[in-house]
Amino acid sequence: MGRQGEPGVTLDLNFLKDLTGVLAFAISVISMIYAVVGNRRKDIERRFHEGSKRMDRHDLRLQELAQTVQGMPGKDDMHRLELQLSEIAGDMKAMSATMLGMSQSMARTEKIVGRHEDHLMGDRS
């Protein structure tokens with residue numbers, strides 16, 4: 001080491017001491033900035049990944065919905081169904097009228113058979 005009176009040696013040590021402090025501060029600031037940027041990037045990537053997965057789920061749901069809608073009857077199918085139901089309703093009315101006529105005929109036949117029975121029963125007594 002040098003003598004106390006030599007300013008170069010003392011200046012160099014002070015300069016190195018100051019330089020070391022500045023470098024340590026600069027490294028800590030750079031590390032802090034890197035950590036903030038790195039964490040922020042990881043957060044952005046995580047959020048992007050979650051959003052991507054959510055979009056995939058929505059896409060699947062839309063595909064399922066499209067398939068369901070394709071399987072549903074359309075306007076023409078519903079119109080044909082309505083016509084067939086109208087035809088069935090007409091057939092049911094015709095059957096009802098026929099059944100009513102048959103019922104009335106059966107009532108008349110039972111009435112006539114009842115009279116014959118009464119007549120035959122009255123002759124035997």
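From a predicted model like this one, the values you see are computed outputs, not experimental measurements.
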- Query: If only atom types and distance count, is the side chain of T20 paired as donor or acceptor with the main-chain N or O of L16 below 3.5 Å?
  - Reply: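 Checking the backbone N and O of L16 against the side chain of T20, a donor-acceptor pair under 3.5 Å is found.
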
- Message: Would the distance check show the side chain of S31 and the main-chain N or O of I27 forming a donor-acceptor pair, the cut-off being under 3.5 Å?
- Response: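 Yes, because the side chain of S31 sits within donor-acceptor range (under 3.5 Å) of the backbone of I27.
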
- Message: Which residues pass the salt bridge (Lys or Arg N to Asp or Glu O under 4.0 Å) test with D43, not counting sequence neighbours?
- Response: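 Listed in chain order: R46.
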
- Query: From H116 NE2 over to L120 CG, what is the distance, rounded to the nearest 0.5 angstrom?
  - Reply: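 Rounded to the nearest 0.5 Å, the NE2-CG separation comes out at 8.0 Å.
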
Can you sort out the partners of [X] under side chain to side chain contact (heavy atoms under 4.5 Å, CB included), two or more places apart, ordered by chain and number?
X	answer
R54	R57, H58
H49	K53
L19	F15, L23

- Query: Taking the hydrophobic residues Ile, Leu, Val, Met, Phe, Trp and Tyr, and joining any pair whose side-chain heavy atoms are under 4.5 Å apart, which ones share a cluster with V29?
  - Reply: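 Traced through the cluster, V29 reaches F25, I33, V37.
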
Donor-acceptor pairs under 3.5 Å, side chain of residues 98-115 to any protein atom, not counting sequence neighbours: which ones?
| residue | atom | partner | partner atom | Å |
| --- | --- | --- | --- | --- |
| T98 | OG1 | A94 | O | 2.9 |
| T109 | OG1 | S105 | O | 2.9 |

- Item | Worked check of side-chain contact (heavy atoms from CB on, under 4.5 Å) between Q63 and D59 | CA-CA 6 Å; Q63 288 176 1; D59 188 40; 3.5 Å; yes

- Has E87 got more than 12 heavy atoms of other residues, nucleotides or ligands less than 6.0 Å from its CD?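 Not buried by this count: 12 neighbours or fewer within 6.0 Å.
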
Which atom pairs, one a donor and one an acceptor, fall under 3.5 Å between side chains of residues 64-84 and the rest of the protein, sequence neighbours left out?
| residue | atom | partner | partner atom | Å |
| --- | --- | --- | --- | --- |
| T68 | OG1 | E64 | O | 2.9 |
| D77 | OD1 | R80 | NH2 | 2.3 |
| D77 | OD2 | G74 | N | 3.1 |

- Message: Restricting to side chain to side chain donor-acceptor pair (under 3.5 Å), what partner residues turn up for N39, sequence neighbours left out?
- Response: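 Side chain to side chain donor-acceptor pair (under 3.5 Å) check on N39 returns nothing, list empty.
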
